[in-house]
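All ligand and atom numbering here is 1-based and tracks the order in the structure.
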Amino acid sequence: MEDVQGLNWGLVGASTIAREYVIDAIRSQSGSDVAAMVSSDRERGERFAAQCDIPRVATSLEELLEDDLVDAVYISTTNQHHASQALAAIRAGKHVLCEKPLAMSLDDARSMVEAAEVGNVVLGTNHHLRGAATIQKIRNLVVEGAVGTPLYAEVAHVCQLPPDLRGWRLEDSAAGGGVAFDLVGHDADTLRYILDSEVVEVSAMADSHYPIEQGMVAVLKFDSGVLAHIIDTFNVPYGGTGVTIHGTRGTIRANDVLTQQPVGTVTLVDDRGERAMDVQHHGLYEYALQRFTSAARGHGTPLATGGDGVASLAVTLAARASVASGSSETVEYSGGL
Ligand code: NDP
């Protein structure tokens, strides 16, 4: 990848994901650093900034966005705030890397994409799994025809929330809690990326805790004809994660690949037998930040664009609608991508 000028970042959100992964990923980019941050709670912001060595805590989003030194903003607040904060940042001329889901409604997500186009700034969605060498390997194998024509896919995102993340995800519907907003969008994006195809229909069921569901099982129908089965949980300690792609000439099985760590294995089974694929692991968030930085400096596109975030949100919302209606739901792209 080309050597590009780094970015000065402003963080919106004193979040776990920023502290554990994204700040380091920002700092791994040559010339990039975190210049400032904002939290809705001044004291929490001060503590977070001290812990993460961030030089300045703004008293408001407006103040952060008025800072001419800030080139780009990373938004990792709870989900109901993403759209309004991203729109404010875009209108202030900042590039925006926004956590998934981009918004709680398709109209809001579309307006973010449109505002970024009008403002000529880059909007990316942090679908970090595209940054996994394992997922990239699966995509390349599919593109090369290793499985022939893909027919079916399976995604297992069978996890237990760590104790420190059991707050709003399990308690606050208005904040976008529940496994659908958390994991279904990642599954949809990962399969869209691997299959280069759009989800057109979803049939889903959730556990009895809906709308703060802890488990969801869904069937996704892609415009290519592929049928995918996904299972997402917050409450299974020893399930694990995996992606399987079944095609006319082969099957790809990938284990431990829907994680935040550069781990996991990819195996191809075809008429030559079963063999492990060579995967050169790299940091998922570092890869995403590299792509975003390049895009903001005029080279290429983010790993997942705003449009990709709209598409994954559309699948998430269709899955939630299907749970509520008890029927299959067509995926609405709200005006197209
Ligand atoms: P956290 O719960 O850690 O943080 C979310 C917000 O909660 C913070 O912005 C903060 O608000 C507030 N908050 C933090 N600590 C406290 C506290 N002690 N008491 C009250 N409020 C608090 O969320 P996550 O980091 O898990 O997720 C943030 C976003 O990132 C979500 O949109 C999620 O979907 C996404 N995410 C994405 C991942 C990925 O790999 N792409 C992985 C994990 C999450 P304030 O900023 O106002 O202080």
* For His282, which residues count as a ring pair (Phe, Tyr, Trp, His ring centres under 6.0 Å) partner, sequence neighbours excluded? -> Tyr287

* Structure fact -> Residue set satisfying ring pair (Phe, Tyr, Trp, His ring centres under 6.0 Å) with His128, at least two apart, ordered chain then number -> His186, Tyr285

* Under 3.5 Å, is there a donor-acceptor pair between the Thr78 and Gln80 side chains? -> yes

* Is there a donor-acceptor contact under 3.5 Å linking the side chains of Asn126 and Glu99? -> yes

* Structure fact -> Closest heavy-atom pair, Met112 versus Ala83, reported as atoms and distance to 0.1 Å, is SD-CA, 3.7 Å

* Asked: Protein residues near ligand 1, heavy-atom distance below 4.0 Å?
  -> Gly13, Ala14, Ser15, Thr16, Ile17, Ser39, Ser40, Arg44, Ser76, Thr77, Thr78, Asn79, His82, Glu99, Lys100, Asn126, His128, Leu165, Trp168, Arg169, Asp182, His186, Gln260, Tyr285

* **Pairs involving residues 139-160, ordered by first then second residue, that meet side chain to side chain donor-acceptor pair (under 3.5 Å) (sequence neighbours left out)** => Glu154-His246, His157-Asp187

